[in-house]
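Within every chain, numbering begins at 1; the chains are lettered A, B, ... in the order of the sequence lines, protein sequences first and strands thereafter.
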Amino acid sequence: MEKTKVKPKFGLSRRQFLKGTAATGVLVGTMGAMNLTPKAVADEVEQPPELKKVRTTCSPNCTGACGVEAIVENDELKAIIQAADYEDEVYNPRGCLKGLSMMNLVYGPDRLKTPLIQKGQPGVDDLEESTWDEALDYTAQRLKEIAEKYGPESIGVAFQVGGTSYVHKGALSRLATLAGWNIHHAYDQNGDLPMFWPMTFGVQSEELEPSEWLNSTYMAVFGSNILATRLPDAHFLVDSRNQGAKVVVFDPNFSPTAAKADEYVPINSSSDAVVALGICKVIVEEGLHDESFLKTFTDFPLLVRSDNGKRLKAEEVAGLTPPPVPDYRQSFVAYNGSFLAVDPEKLDLPENIWLEGEVEVPLKDGSKVKAKTVFQLLKESLGQYTPEMVAEESGMNPEDLVRIAREMGTAETLHIVYGASNYQWYHGDLKGRALALINVLTGNIGRPGAGISTYAGQYRIRLNVGEWWVPEGRPQNWLPFLYLLNGPTENMKAKHPEHGIKALIFGWGNPFDQHNMANILRERVQSGELEFVAVMDFQMTTSCHFSHVVLPGVTWFEKTDLVATPVHPYLQLQQPAIPPVYDCKPELWIIRELAKRWDPEFEQYFFPGFEANEAAEEAIKLMLRTGGPAVEGITLEMLKEGPVRLKSEVPGHKQIPFYEQVQFKRPFPPQSLPAKLEATAQFVKSGQIEFYKDEDVFLELGEELPVHKPPFEDSEYALNPEAREKYKFSYITRNGIYRVHSTHSNNIWMNELQEGKPHVWLNPEDAREKGIKTGDPVEVYNDRGKVFCYAIVDPGIGRHVAIFEQGWWSRYLRGTSYNALTYPFIKPTHEVYFVPGMWAPNTAWNECLCDVRKVGDQE
Amino acid sequence: MRLGMVIDLDKCIGCRTCAVVCKSHNAQPPGTWWNRVFTPGSDYHQNAVGEEGNLLMTFLPVSCQMCDNAPCEKVCPVGATFTDDKGVVLIDFERCIGCRYCIAACPYNVRQFNWEDPKKVKERAGYKEDYQYGYPADVRDEDGRLVYTPNRPVGTVEKCTFCFQYTSQGKNPACVDACPSKARIFGDLDDPNSEVSRLIRERQAFRLKEELGTNPKVYYLPASKPNR
Amino acid sequence: MSQSNLATSTPVPVTSKGVNKVLVLAGILLLISLSAWGFQLKNGLIVTDMSNSFSWGLYIATFAFFVGIAAGGLIVSSSVYLFNLENLKPFTKIASLSAFACTLGAGAMILPDMGRVDRVFYMILHPNISSPLVWDMIVIASYLVVTFLSVYMQLLPDWKRDGRGFLNGWTKKCSFEEVEEFSKRWSRRVAIIGLPFAVLIHTVTALLFATQASRSYWNTASLPPDFIAAAVASGTALVMVISILAVGKDRFNQYQDAFRTLATIVAGALVVHFFLISVDLIIHAWWGGAEGQELFYILFDRYGLLYGIEILLPAFTMIFFFTSKGKSSRNALLFGSLLLFIGIFAHRLMLMYPSFNMIPLNMHVSGVDIGNWAYPVATGEFQEGISSFTSFWPYKPTGVELALSLLPYGIVMFVVSFVMKLYPLLPSGLNKD
Ligand SMILES: Nc1nc2c(c(=O)[nH]1)N[C@H]1C(S)=C(S)[C@@H](COP(=O)(O)OP(=O)(O)OC[C@H]3O[C@@H](n4cnc5c(=O)[nH]c(N)nc54)[C@H](O)[C@@H]3O)O[C@H]1N2
Ligand SMILES: Nc1nc2c(c(=O)[nH]1)N[C@H]1C(S)=C(S)[C@@H](COP(=O)(O)OP(=O)(O)OC[C@H]3O[C@@H](n4cnc5c(=O)[nH]c(N)nc54)[C@H](O)[C@@H]3O)O[C@H]1N2
Ligand code: SF4
Ligand code: SF4
Ligand code: SF4
Ligand code: SF4
Ligand code: SF4
Ligand SMILES: [Mo]
């Protein structure tokens with residue numbers, strides 16, 4: 001064989017095998033496909049190629065926000081690895097299988113190439129390729145027509161929660177605000193808003209940063225599958241356990257997280273409140289609660305009128321003068337032998353204040369009324385949650401309950417993780433209030449390693465973004481997504497547009513798979529009820545198929561953006577590693593182009609004259625300048641060097657919720673961005689942690705205190721009493737490790753790892769009864785719809801549970817949708833807590849009944 | 001120097017990140033996996049094993065075990081599989097005749113054959129025209145043998161190289177750097193002070209199919225939880 | 001094959017229609033198999049049903065089959081010399097030729113199994129002496145030379161007489177007697193050195209498998225003797241079949257004695273074969289455990305039919321050939337041999353199924369009742385919607401594999417009939433009436 005010296009040319013975008021002269025070999029003639037590779041001589045060891053490495057941030061909707069390094073050659077993304085450059089070593093390396101295989105989406109078969117316009121029937125006909133001008137002109141023209149006919153508020157805008165993209169998502173908020181469109185907040189649309197937070201603590205949601213788990217001595221996980229949904233942080237769970245913390249997992253299903261725990265406690269679906277209240281009863285009965293904490297930080301000493309169930313106001317009591325308080329506060333009354341007007345701005349009740357008891361209160365009008373302390377009422381209410389009753393409702397062993405209650409009651413630092421899947425139930429708020437009660441009773445709040453956390457999607461905004469998101473502080477229209485599906489309700493506080501929503505513009509989301517009644521959305525587009533839909537995405541999702549216009553955006557490897565998410569308190573820069581692939585464009589550019597077509601005046605709001613990435617940098621500078629204390633002193637240049645920890649008042653800038661409240665005795669709540677304090681504080685008027693809610697709806701529903709209510713009674717059975725007999729399976733749509741919701745649904749490698757098929761998990765006993773075996777094609781269905789998938793029989797699944805891993809594009813489900821089964825229930829207590837752009841009725845994905853059958857078996 | 005790896009099964013969360021990062025950095029076409037992670041006892045990864053009240057789930061990553069007494073090397077008729085001076089078992093892509101004897105011989109089923117031109121597989125999977133992922137250059141060892149190439153010649157065998165492209169530069173393998181649980185530790189088994197040596201000594205390390213006498217250089221730490 | 005045409009008074013090449021038909025058939029087989037090979041070269045081995053978990057299939061089974069039947073030739077000719085089985089003497093040429101052709105066929109069959117057939121010469125350039133495959137190559141190549149020499153030596157006198165031949169220029173100077181004497185002496189020598197080679201090719205081919213400690217079904221010391229036993233049985237049967245066909249119906253009785261001897265050898269070898277198989281099965285069964293259960297499931301349940309063929313057909317032949325009825329009639333011998341071939345072929349295929357479908361990386365999962373869990377293997381094939389991992393591969397040879405596996409059949413038929421067409425293989429005396 002001839003020896004050819006070959007010097008590798010790294011300039012080539014594609015490395016080919018150099019064809020040698022096939023002088024020898026058998027059957028040379030037929031060997032077209034086989035090249036002989038000449039061997040380089042020994043002294044010519046190759047030098048590593050020049051590879052460009054760009055530090056950027058992975059940022060789908062998973063909360064990870066992992067710092068990654070893109071390995072680039074000739075403007076092509078070749079490989080990805082964690083940047084592992086966090087100052088706090090324990091956070092290195094952050095990343096997961098999805099983030100590190102993004103090339104499958106960047107260059108995969110579903111990547112969008114050009115703008116598309118639907119000229120026929122959405123969801124039926126193929127979209128046609130168009131130029132950017134055509135697509136943008138058409139979009140602007142259709143929007144203007146609709147606004148003219150129904151008003152601009154009939155145009156709905158949805159974009160996923162802000163933490164992963166302060167610049168580009170902010171641009172859409174900016175345009176929607178300028179144009180007077182309605183915004184559907186992603187947080188409640190996702191079902192990620194744990195409504196117990198506003199109810200109890202007056203905040204949007206809070207969590208310990210995961211490195212704090214190392215400071216816990218007891219971790220109780222209620223339905224959060226950390227090993228799947230907090231992949232980059234899951235090691236903290238194992239590390240914490242190995243350092244001596246006890247880890248207990250409560251879940252109807254044996255999850256990987258349960259497998260790593262010291263103890264797994266199987267409980268019935270949505271029976272967490274009864275378990276938590278049973279635990280609280282033991283703690284209170286055995287005096288394991290922290291009285292001084294309760295007297296200082298909670299509403300437990302406050303008096304509640306026995307006649308109307310309302311909290312007694314200082315202004316009602318004879319001889320009491322309430323201290324001056326802002327509008328959003330209220331002075332209530334406590335008792336220590338005499339009545340005290342409680343100052344809601346100060347947490348300084350005397351040690352001898354009554355926690356328990358009943359007194360007669362002289363009122364200003366001369367009448368008298370009986371009143372009990374909140375704690376007294378609570379104790380009475382807890383009376384029903386005996387270990388036997390809890391066992392009955394939850395399936396938990398009574399001895400275990402008592403033992404665990406004592407363990408929790410005596411734990412040095414208790415951390416409870418309350419999973420999204422667990423609060424995405426109709427009574428998720430009650431469960432949260434009951435779980436939070438364990439922490440509060442034991443004083444496990446506001447200390448390192450102690451607290452209750454809800455690690456859901458990337459929701460909370462970490463800095464003041466108003467200057468960029470809300471131009472000139474203009475008013476915004478917010479319409480919770482559930483009303484879009486459900487229509488207006490009697491108690492709604494949000495303003496429903498007169499003609500409803502006629503056009504939908506969205507990005508960073510795939511509502512035609514991901515949002516409940518996805519099938520209804522599809523029908524509305526096809527019937528013309530929803531007249532126009534435009535989407536920005538970088539790949540051809542199900543939603544794109546149902547849109548009239550598809551505007552191809554870019555991935556996080558192709559643009560500049562700013563990222564800071566709650567679980568991971570670093571401010572990070574997203575930097576373009578490669579130029580946009582095909583004819584895709586950064587969203588800021590798309591939005592600017594749309595803005596100027598809607599109204600030429602608007603262009604000036606989007607840094608005209610700057611190229612998209614430069615404009616993004618301008619927006620970042622603006623937000624850093626006006627972002628408030630969390631970003632104080634942080635500059636763009638610093639971010640270009642690497643991630644910078646957000647500032648907080650906790651030593652080491654740690655993220656420990658309510659640290660300031662507990663350590664510095666500040667009133668509740670801390671501010672929840674982006675709202676102003678008064679908007680949220682009005683819901684905890686006492687300035688304390690509130691377990692007693694005396695709004696009328698709560699009193700009517702008997703939910704003034706945390707109680708247990710069984711699932712389905714107020715939802716499925718109320719909707720259709722027949723469901724009780726017809727549908728015995730609870731339909732739990734959990735997250736898989738292979739997708740971030742529907743993102744990566746089409747990732748070739750991810751699908752290789754899961755047989756390329758969507759599955760439903762069933763208990764062996766249930767499967768046997770239904771004659772279903774692993775691998776069988778099945779349908780999960782109810783009256784609203786069905787989803788096609790393949791069965792997996794798993795001994796870890798609870799009885800009468802059908803688990804579907806959500807996020808599959810419709811095309812993998814033979815055109816069905818797993819969200820055709822779910823229903824947009826609205827719980828009235830949620831409607832009370834409406835703050836535009838913050839709080840709204842939350843979606844309850846798992847409040848859903850179904851049945852399963854083998855495909856072919858008809859009912 | 002004898003390079004070796006320790007995988008801590010207690011820390012391993014079964015996330016398969018190591019499998020995926022291996023696939024990407026080593027340009028494995030769809031269908032080919034040098035590194036796998038499964039749940040022993042279950043057909044589907046991360047399913048429970050056992051029965052109600054007695055459930056179990058552990059994870060076991062398996063890639064080339066880098067046998068000191070490597071059957072794959074012994075059976076290779078042309079010396080395409082060889083062990084380098086650091087104990088890494090490698091394949092010369094220009095030498096392999098594709099007899100697949102090594103696949104039959106490997107007790108760990110880690111060897112992968114290019115049944116088809118990898119470029120064609122990628123094309124069929126639908127990637128952007130001409131797009132190739134993975135470490136983009138050929139890598140040769142000191143003797144000029146081609147031990148890594150982003151597009152493997154059809155008809156040759158491949159497997160984990162301990163990321164030769166990185167480890168020959170003194171860096172860590174991709175799976176070690178990428179494991180979000182830091183469950184994979186890489187180092188010199190000959191150095192008694194290396195972390196790998198220390199862990200093997202202190203943590204009851206075991207190896208797979210020890211009874212076959214293949215003498216792997218990949219060690220596992222048991223998945224046992226602390227006893228309290 | 002028609003036989004009457006052999007009855008010419010002088011030993012001249014056979015130019016019968018029968019031989020021509022075989023040649024045409026051989027041509028067709030070669031054409032089919034070579035086109036299949038071309039197709040495979042273009043697309044890669046993906047056109048087969050092999051996968052990473054089932055890395056050897058029909059090709060290697062066919063290879064092993066042909067190695068096995070290649071034994072017969074030298075066993076027959078050596079027996080003539082070593083054991084003085086004079087009645088077999090008339091068939092030594094045919095025997096040697098069939099051995100040569102089968103070895104050639106076996107060698108050819110291994111080529112398409114190579115992913116990089118263009119590099120096979122690396123086996124010579126860079127042989128790795130610890131590889132049983134290299135030893136196999138050496139012994140097979142040597143055997144090919146030996147069988148070639150055997151045919152060559154035996155044909156020399158005929159060539160001398162007819163004044164033609166191949167590589168025999170040097171005999172021009174010699175007298176016919178000298179050549180005959182030379183031929184006799186050397187045929188004997190070749191036969192004697194050939195016998196150990198015949199034994200060796202089976203031993204080494206068996207060692208190819210038996211050395212593999214990770215595959216318990218192969219990893220037994222009884223595999224080499226069993227290969228030899230099976231080879232003696234099937235190789236002898238092949239010589240017998242060719243001879244029966246060559247001498248024709250009419251003169252069957254003339255050689256019945258020889259055929260009886262051959263049939264007895266076949267049956268005797270099968271006794272040894274079954275003895276070795278049963279010993280192995282007994283050991284697996286006695287040891288029991290999950291692995292043993294798995295093996296028995298695969299042998300008797302999952303691949304029960306194939307295993308049944310492997311066991312029952314040769315067993316029938318064995319018993320049949322011990323009976324005088326089985327030994328005595330032409331049809332009985334042909335029928336028994338046919339069953340034997342099918343059985344031995346099944347045996348070769350069954351080298352693959354139990355071995356590859358018992359994934360070597362299997363484990364006991366403590367704490368739950370799982371004894372033999374197989375760690376899934378990446379298949380190496382990609383298809384959307386289909387798992388890339390498997391712990392059981394129900395291998396079914398594809399059309400391309402079936403077509404390509406016709407190659408050695410084509411080669412054997414071609415070589416045997418071509419040589420028969422050119423040169424007389426039965427001694428002239430035989431051709432008289
Ligand atoms: N890999 C990956 N990670 C993600 C995401 C993703 O898509 N993929 N999404 C991110 C987002 S946006 C979110 S909101 C979070 C969600 O994070 P999680 O809340 O952890 O999500 P799930 O996987 O839905 O559910 C976890 C567990 O809840 C259990 N469960 C369900 N109902 C109940 C109940 O009533 N009681 C109890 N005790 N347990 C119950 C289920 O059995 C399951 O084991 O994950 C985030 N992380
Ligand atoms: N039944 C059921 N439904 C659920 C859930 C459930 O548990 N059960 N979970 C709910 C929850 S918690 C959530 S958070 C939601 C999530 O639901 P979605 O918000 O719809 O999230 P994804 O499915 O990930 O969709 C994100 C889309 O944005 C695109 N995208 C990502 N980054 C960019 C970008 O930078 N630019 C552009 N232009 N596009 C981008 C992706 O390609 C993808 O198509 O789903 C909810 N739906
Ligand atoms: S998908 Fe989420 S967890 Fe995974 S690397 Fe990206 S941001 Fe991190
Ligand atoms: S990346 Fe680490 S934790 Fe994840 S499966 Fe691999 S070894 Fe286990
Ligand atoms: S694990 Fe297999 S491929 Fe790796 S060295 Fe051992 S025998 Fe060879
Ligand atoms: S397939 Fe290649 S590496 Fe494996 S034994 Fe054959 S020649 Fe050696
Ligand atoms: S060392 Fe490299 S090649 Fe080997 S399994 Fe890890 S990533 Fe893959
Ligand atoms: Mo979410």
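Between chain B and the options C:Ser391, C:Pro360, C:Gly367, C:Pro127, the largest number of non-hydrogen pairs under 4.5 Å is found for C:Pro360. Annotation: maximal heavy-atom pairing with chain C below 4.5 Å, among B:Gly41, B:Gly98, B:Gly155, occurs at B:Gly41. By number of non-hydrogen pairs under 4.5 angstrom with chain B, the leading residue of C:Leu208, C:Asn52, C:Leu45 is C:Asn52. The choice from B:Lys74, B:Arg36, B:Lys209 that makes the most heavy-atom pairs within less than 4.5 Å of chain C is B:Arg36. Most heavy-atom pairs under 4.5 Å with chain C, from the set B:Trp34, B:Trp33, B:Phe38: that is B:Phe38. Residue with the most contacts toward chain C among B:Val62, B:Thr156, B:Leu56, B:Val110: B:Val62 (heavy-atom pairs, distance under 4.5 Å). Considering only heavy-atom pairs separated by less than 4.5 Å from chain B, the leading option among C:Ser214, C:Gly380, C:Ser131 is C:Ser131. Between chain B and the residues C:Tyr375, C:Trp135, C:Phe209, the most heavy-atom pairs under 4.5 angstrom are made by C:Tyr375. With chain C as partner, the option from B:Gln112, B:Arg100, B:Glu51 having the largest number of non-hydrogen pairs under 4.5 angstrom is B:Arg100. Comparing C:Ser51, C:Gly44, C:Ala374 by heavy-atom pairs within less than 4.5 Å of chain B, the highest count is held by C:Ser51. Each of B:Gly79, B:Gly50, B:Cys99 has some count of heavy-atom pairs under 4.5 Å with chain C, and the biggest count is that of B:Cys99.
A salt bridge links B:Lys217 with B:Asp68: the distance from a Lys NZ or Arg NE/NH1/NH2 to an Asp or Glu carboxylate oxygen falls below 4.0 Å. The pair B:Arg207-B:Glu210 meets the salt-bridge criterion, with a side-chain N (NZ, NE, NH1 or NH2) lying under 4.0 Å from an Asp/Glu carboxylate O. Salt bridge B:Glu94/B:Arg140: present, at least one basic N to carboxylate O contact under 4.0 Å. For B:Lys119 and B:Asp117, the salt-bridge test fails: no basic side-chain N is under 4.0 Å from an acidic carboxylate O.
Of the atoms belonging to C:Met137, not a single heavy atom falls under 4.5 Å from chain B. For B:Leu55, no part lies under 4.5 angstrom from a heavy atom of chain C. For chain B, the nearby parts of C:Asp113 are the backbone and the side chain; heavy atoms of each come within less than 4.5 Å. For C:Met363, the part sitting under 4.5 Å from any heavy atom of chain B is the side chain, from C-beta outward, and nothing else. Of the atoms belonging to B:Thr39, it is backbone heavy atoms, and not side-chain ones, that fall under 4.5 Å from chain C. For B:Ile103, the parts lying under 4.5 angstrom from a heavy atom of chain C are both the backbone and the side chain. For B:Ser42, the part sitting under 4.5 Å from any heavy atom of chain C is the backbone (N, CA, C, O) and nothing else. In this structure, no portion of C:Glu384 lies under 4.5 Å from any heavy atom of chain B. B:Arg124 touches chain C through its side chain: at least one heavy atom from C-beta onward sits under 4.5 Å away, while N, CA, C and O do not. Proximity to chain B is absent for every atom of C:Thr390, based on heavy atoms less than 4.5 angstrom apart. In this structure, no portion of B:Ala80 lies under 4.5 Å from any heavy atom of chain C. Interface remark: B:Gln28 contributes no atoms to any contact with chain C (heavy atom separation under 4.5 Å). Proximity to chain B is absent for every atom of C:Ser387, based on heavy atoms less than 4.5 angstrom apart. For C:Asn362, the parts lying under 4.5 angstrom from a heavy atom of chain B are both the backbone and the side chain.
No option in C:Val67, C:Val139, C:Leu133, C:Leu200 other than C:Val67 meets the side chain to side chain contact (heavy atoms under 4.5 Å, CB included) test with C:Thr205.
Annotation: side chain of C:Phe392 is not in contact with side chain of C:Met358 (no heavy-atom distance under 4.5 Å). Looking at heavy atoms from C-beta onward, B:Phe162 lies in side-chain contact with B:Met5 at the 4.5 angstrom threshold.
Both tests hold for B:Lys122 against B:Tyr133: distance to the six-membered ring centre under 6.0 Å, angle to the ring axis within 45°. Relative to the ring axis of C:Tyr307, C:Arg302 does not place its NZ or CZ within 45° and under 6.0 Å from the centre.
No hydrogens or angles considered: nothing links the side chains of C:Thr48 and C:Gln40 as a donor-acceptor pair under 3.5 Å. Using a 3.5 Å distance cut-off with no hydrogens or angles, the side chains of B:Glu158 and B:Tyr148 do not pair a donor with an acceptor. The closest side-chain donor-acceptor pair between B:Asp138 and B:Thr149 falls under 3.5 angstrom.
Ring orientation note: the planes of C:Phe356 and C:Trp218 are nearly perpendicular, at an angle over 60° on the 30°/60° scale. In this structure, B:Tyr131 and B:Tyr127 have tilted ring planes: the angle between them lies in the 30° to 60° band.
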Show, in sequence, the C-alpha distance, side-chain angles and deciding distance for B:Phe59 and B:His45, and conclude whether the ring-ring contact (aromatic ring centres under 6.0 Å, His included) test is met. CA-CA 8 Å; B:Phe59 314 118; B:His45 183 48; 5.6 Å; yes
